[in-house]
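Accompanying notes for the structure given below.
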Amino acid sequence: MKRDLISISDLTQDEVETLFALAQRLKADRQKGWPHPILAGKTLAMIFEKPSLRTRVTFEAGMDQLGGYAIYLSPQDIGLGTRETVPDVAKNLSRWVDLIMARTFSHQVLTEFAQAATIPVINGLSDLLHPCQVLADCLTLIEHRGALEGLKIAFVGDGNNVVHSWLHAAVKLPFRFVLACPPGYEPDRAVLEQTRQADARVTVTHTVAEAVREADAVYTDVWTSMGQEEEGAVRRQAFADYQVNAEVMSLTKPDALVMHCLPAHRGEEITADVLDGPQSVVFDQSENRLHIQKAIMVWLLQG
Ligand code: CP
Ligand code: NVA
């Protein structure tokens with residue numbers, strides 16, 4: 001049966017660890033300048049309903065480095081669900097290419113697409129989840145801290161798609177995750193319930209100080225995600241006290257890492273001095289998107 005990577009909850013703990021190890025091997029090969037055309041002759045189709053810098057470039061460059069080929073499909077090109085039904089697009093692409101990455105507005109569209117496709121589908125971000133991001137982030141933490149075991153990761157901001165993937169990761173991996181969000185911006189109930197049933201070490205609070213106290217890493221993301229632009233003004237007010245700044249960082253462990261999936265809005269969710277400061281690992285995170293996604297593509301196509 002074909003495998004997809006729609007959610008971190010699709011993976012076992014062993015599979016997540018396999019992906020980290022494979023990503024580290026592919027990263028080392030690239031750093032040494034060793035060619036690794038493991039996916040020669042394979043083609044990836046990339047569907048984007050929303051803008052992207054990191055996801056597009058890392059998947060496209062990643063496939064090129066693996067010896068394969070990537071095709072970028074903009075919303076104008078294919079009209080997913082408008083020019084043609086979602087299953088028909090999935091069935092067509094399944095006849096021509098080997099692998100599909102899709103960034104959609106609706107998570108349901110993504111799952112409908114993956115069900116109709118007969119080849120592996122990777123979630124490049126939906127309104128519910130962003131699994132490739134969080135796998136890259138966990139790899140970054142392992143590189144900086146040696147292991148995830150015992151780490152306290154504090155997320156300050158919206159209970160959004162990135163948070164949901166963090167919650168799924170907390171079910172599989174041995175860290176503690178504390179979200180500080182404004183009332184009304186908590187994570188999806190069903191996702192939270194999954195973490196409760198699995199006894200994951202997850203806390204949701206409205207108090208930033210509680211979340212970041214003694215944290216090993218402080219993570220934030222934009223207050224207004226793609227597709228929520230009309231809520232921008234309301235959100236700027238609601239999130240005003242949920243900014244990662246020097247005062248917030250004074251409550252963490254002294255060497256806590258600063259993390260952000262990017263793009264960042266300096267002066268909103270994070271101040272420039274913190275984002276661009278010595279504790280920030282945001283560009284390590286973005287680099288690791290390349291390595292983990294290459295690992296995901298190799299794993300999905302070769303097992
Ligand atoms: N972090 C991330 O997914 O960035 P893009 O939206 O630029 O792909
Ligand atoms: N939560 C953000 C992540 C961007 C990478 C969004 O969905 O816009």
Side-chain angles (χ1 to χ4, degrees), residues 5-8 23 44 46-63 70 72-75 100-110 122-141 153 155-169 177 179-182 185-188 191 217-232 234-236 238-239 242-244 258-266 268-270 275 280-294 296-297:
L5 207 159
I6 300 298
S7 166
I8 293 176
L44 166 74
M46 306 187 296
I47 297 175
F48 282 94
E49 289 192 330
K50 298 176 186 175
S52 169
L53 172 67
R54 280 148 291 274
T55 306
R56 177 179 176 181
V57 174
T58 50
F59 270 104
E60 191 163 336
M63 199 50 168
Y72 171 74
L73 299 164
S74 74
I100 301 164
M101 190 286 306
R103 167 169 287 193
T104 58
F105 282 102
S106 149
H107 189 71
Q108 212 191 320
V109 164
L110 186 67
I122 303 171
N123 180 356
L125 179 148
S126 67
D127 59 358
L128 188 71
L129 301 174
H130 199 1
C132 296
Q133 179 67 52
V134 172
L135 290 171
D137 298 336
C138 289
L139 182 64
T140 308
L141 282 164
I153 298 155
F155 193 112
V156 178
D158 190 16
N160 64 13
N161 44 7
V162 176
V163 165
H164 295 147
S165 285
W166 272 109
L167 295 175
H168 284 152
F177 184 80
L179 167 70
C181 65
Y185 293 92
E186 292 83 4
D188 179 81
V191 178
V218 177
Y219 198 118
T220 190
D221 182 13
V222 292
W223 291 339
T224 302
S225 285
M226 293 179 278
Q228 299 172 331
E229 288 76 9
E230 74 287 358
E231 298 171 28
V234 174
R235 284 174 168 268
R236 268 193 294 282
F239 285 91
Y242 292 79
Q243 182 188 62
V244 176
V258 171
M259 303 183 79
H260 194 308
C261 55
L262 305 177
H265 294 150
R266 291 171 177 78
E268 290 194 15
E269 74 275 4
I270 191 162
L275 186 81
S280 171
V281 294
V282 298
F283 298 110
D284 295 337
Q285 293 173 253
S286 71
E287 178 184 340
N288 281 333
R289 293 289 304 279
L290 174 71
H291 308 301
I292 199 75
Q293 289 161 194
K294 284 166 73 178
I296 291 167
M297 291 192 285

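Atom set for the values below is all heavy atoms of this structure, side chains included, hydrogens, waters and symmetry mates excluded. Remember, it's 1-based here, ligands and their atoms both numbered in the order they're listed. Worth saying up front: this structure is predicted, and the values here are computed from it rather than measured.
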Inset, instruction - Please identify each residue that fulfils side chain to side chain contact (heavy atoms under 4.5 Å, CB included) with P187, with sequence neighbours left out. - result: V163, H164, L167, L179, L192, V204
Legend entry - Pairs satisfying salt bridge (Lys or Arg N to Asp or Glu O under 4.0 Å), at least one member in residues 100-110, at least two apart: none
Inset, instruction - Run through I296, L5, T55, L73 and flag the one making a side chain to side chain contact (heavy atoms under 4.5 Å, CB included) with M101. - result: T55
Legend entry - Reference residue H107; test side chain to side chain contact (heavy atoms under 4.5 Å, CB included); the match among D188, L128, N161: L128
Inset, instruction - Write out the protein residues near ligand 1, meaning a non-hydrogen atom under 4.0 Å from one of its atoms, in order of chain and number. - result: S52, L53, R54, T55, R103, H130, Q133, C261, L262, R289
Distances only, to 0.1 Å: what are the N or O pairs between ligand 2 and the protein that fall under 3.5 Å?
unit_1   : atom_1 : unit_2 : atom_2 : d
ligand 2 : 1 (N)  : N160   : ND2    : 3.3
ligand 2 : 1 (N)  : N161   : OD1    : 2.9
ligand 2 : 1 (N)  : D221   : OD2    : 2.6
ligand 2 : 1 (N)  : S225   : OG     : 2.7
ligand 2 : 7 (O)  : N161   : ND2    : 2.8
ligand 2 : 7 (O)  : S225   : OG     : 3.4
ligand 2 : 8 (O)  : M226   : N      : 2.8

Legend entry - Residue pair T58 / Q293, side-chain donor-acceptor N/O under 3.5 Å: yes
Inset, instruction - Please answer whether the main-chain N or O of L275 pairs with a side-chain N or O of S280 as donor and acceptor at a distance below 3.5 Å. - result: yes
Legend entry - Interatomic distance, L110 atom CG to T104 atom OG1 [nearest 0.5 angstrom]: 4.5 Å
Legend entry - Gap separating the CD1 atom of I47 from the CD1 atom of I122, nearest 0.5 angstrom: 12.0 Å
Inset, instruction - Check whether any side-chain N or O of Q243 sits under 3.5 Å from a backbone N or O of E268 as a donor-acceptor pair, and report yes or no. - result: yes
